[in-house]
Engineer: 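I'd like to ask some things about the structure below.
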Amino acid sequence: MHHDRDKRIEELLTRSVDEVIERNHLKKRLESGDVLRVKLGIDPTSPHLHIGRMVPLLKLRDFQKLGHKIILLVGNATGVIGDTSDKDAERPMLSHEAVAENMRQYVAQAGKIIDIAQAEVVYNAEWLDKLGFKEIGGLADAFSVHEFIQRDNIKRRLDAGKRVNLREVLYPLMQGYDSVVLRADVEVGGTDQRFNLLAGRTLQPRFGQAPQDVVMTELIIGTDGRKMSSSWGNTINLTDSARDVFGKVMSISDELIVPYLTHCTRVPMADVHTIERGMADERIHPRDAKIRLAKELVTLLHDATSANIEERYFIETFSKGVIPKDVETLAVTDGEALVDVLVRAGLAKSKSDARRKIQQGGIKISDEKITDVMQTLTKEQNNSILRVGKKNFRKIVF
RNA sequence: GGGUCGGUGGCAGAGUGGUCAAAUGCACCAGACUGUAAAUCUGGCGACUUACGUCUACGGGGGUUCAAAUCCCUCCCGGCCCA
């Protein structure tokens, strides 16, 4: 009778999960039928959420689907301080303005994954900004400098002679205190958050609360094989257009297909395993597995219709090399120099760059390679397709 | 507060008077090969110029010199050690 629920609890505790503290305790509570308060904090450090954030967000959704209360915490105070967990270098302090700007779209973006209407959305500046030295001192009392400098990334920086400033030490205190204020039963976060997540467990008992359980999710690798990070431009953003999402997925390397399917979608694990085995013995072409992944992601972030449209577009344009039908138009004047047009349309960074692209054979008009850097555009080329590199097309219109 | 080392292109990091628009790696762009894969290979990667070439750049400002990323002064910022 409870088989289905047991399976879902098991998946909740394992899929994309690196570690649970304390697993048995949390399992019992999940089985008890109590409604748990499950917290996830996201700092508004960049204007876009990327699919790395989907891992904990999907985990949050799993909790939500089991009937628990989820709390989405927007770190408008912590975002200003800046977390160092995933950084090799000191993180600059953001201005309140920058944070506010980034924050604006966050909740809507997260709403693509979780049911915002059923969630509690909170902003930690509301309580953190009110703390004075006395309170902060009290929180700081719970931690030692030693624990902090033993953290792997801090230690590395210290060893490398890089600066670690005192403000950074404050971050875990703040995150831990968030859990106190919110009376969190569970906190979800990436494995790189370990120290911060545990801070809640340290602080809560000091305020007469039971320590929260912690669910640490796997980190995913960026589209270029390095850690996914906004500053490296190897992300797929929740705000990306359906076309971009599809295209970016198709350009990842094969090894990432299974991790992405596991962590960024809710394709049943049985299917994921089938795909994994299928690719191993070559019954399934990696390209097709990738298309499945791309469609799943587009469906999650947009909708199923877009997913089908983009699949067709992709096959037409790239597999078959056909020039797409719905090309952006580009108005030009008669006799305008090609290099100027390229710069104006944002297809080249500068005239020098435009010339280079022509010299290297990267520019085509109506499928004919342009070789002359002095090329100008004339009326005969009305409605021709200008192609820059592999994937940029513009229809020339006079 | 004292001592000492350092601040170079998107990042990391060479370069210590001319041959430096600045090695090398990463990122990025174009081409080849492909499954728009990845990996690999080739070319490129400040701006302007068809081109010869010109201009702007090595933390900020000032100076020495025919000539400065390189030397001097000063200011700002940081590391380390000592207190």
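Values in this document were obtained by computation on a predicted structure and should not be read as measured data. Labels below follow one simple rule: chain letters A, B, ... track the order of the sequence lines, proteins then strands, and each chain is numbered from 1.
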Engineer: Does A:Ile252 or A:Lys349 map to a spot on RNA chain B nearer the 5' end, using the closest nucleotide for each?
Structural biologist: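 This one resolves to A:Ile252.
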Engineer: Rounded to whole angstrom, note down the P distance from B:A22 over to B:G46.
Structural biologist: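 Between the two P atoms, the distance is 9 Å.
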Engineer: Between B:G78 and B:C45, how far apart are the two C1' atoms, rounded to whole Å?
Structural biologist: 30 Å
Engineer: Is a donor-acceptor contact shorter than 3.5 angstrom present between the side chain of A:Asp288 and the base of B:G35?
Structural biologist: no
Engineer: Indicate, with a heavy-atom threshold strictly under 4.0 Å, whether A:Met250 touches base, sugar-phosphate, or nothing.
Structural biologist: base
Engineer: Heavy atoms only, 4.0 Å cut-off, all strands: where does A:Lys390 land among base, sugar-phosphate and nothing?
Structural biologist: base
Engineer: If I pick the P atom on B:A69 and the same atom on B:A21, what distance separates them, to the nearest angstrom?
Structural biologist: 9 Å
Engineer: Given A:Glu296, which partner from the list A:Leu301, A:Thr265, A:Val249, A:Ile291 fulfils the side-chain contact (heavy atoms from CB on, under 4.5 Å) test?
Structural biologist: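 Exactly one option meets the side-chain contact (heavy atoms from CB on, under 4.5 Å) with A:Glu296, and it is A:Thr265.
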Engineer: Considering every strand and a 4.0 Å limit on heavy-atom distances, what is the contact class for A:Ser352: base, sugar-phosphate, or nothing?
Structural biologist: base
Engineer: Ignoring hydrogens and angles, does a donor from either the side chain of A:Gln360 or the base of B:G43 sit under 3.5 Å from an acceptor on the other?
Structural biologist: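 Pair found.
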Engineer: Please measure how far the P atom in B:G53 lies from the corresponding atom in B:C72, and state the result in whole Å.
Structural biologist: 34 Å
Engineer: Base, sugar-phosphate, or nothing: which does A:Lys290 touch, judged by heavy atoms less than 4.0 Å apart?
Structural biologist: base
Engineer: State yes or no: do A:Val186 and A:Met216 share one hydrophobic cluster built from I, L, V, M, F, W and Y residues joined by side-chain heavy-atom distances below 4.5 Å, directly or via other members?
Structural biologist: no
Engineer: State the pairing partner of B:U40; accept Watson-Crick or G-U wobble contacts with both distances under 3.5 Å, and report none otherwise.
Structural biologist: B:A32
Engineer: Taking only the C1' atom of each, what is the distance from B:A57 to B:G7 in whole angstrom?
Structural biologist: 16 Å
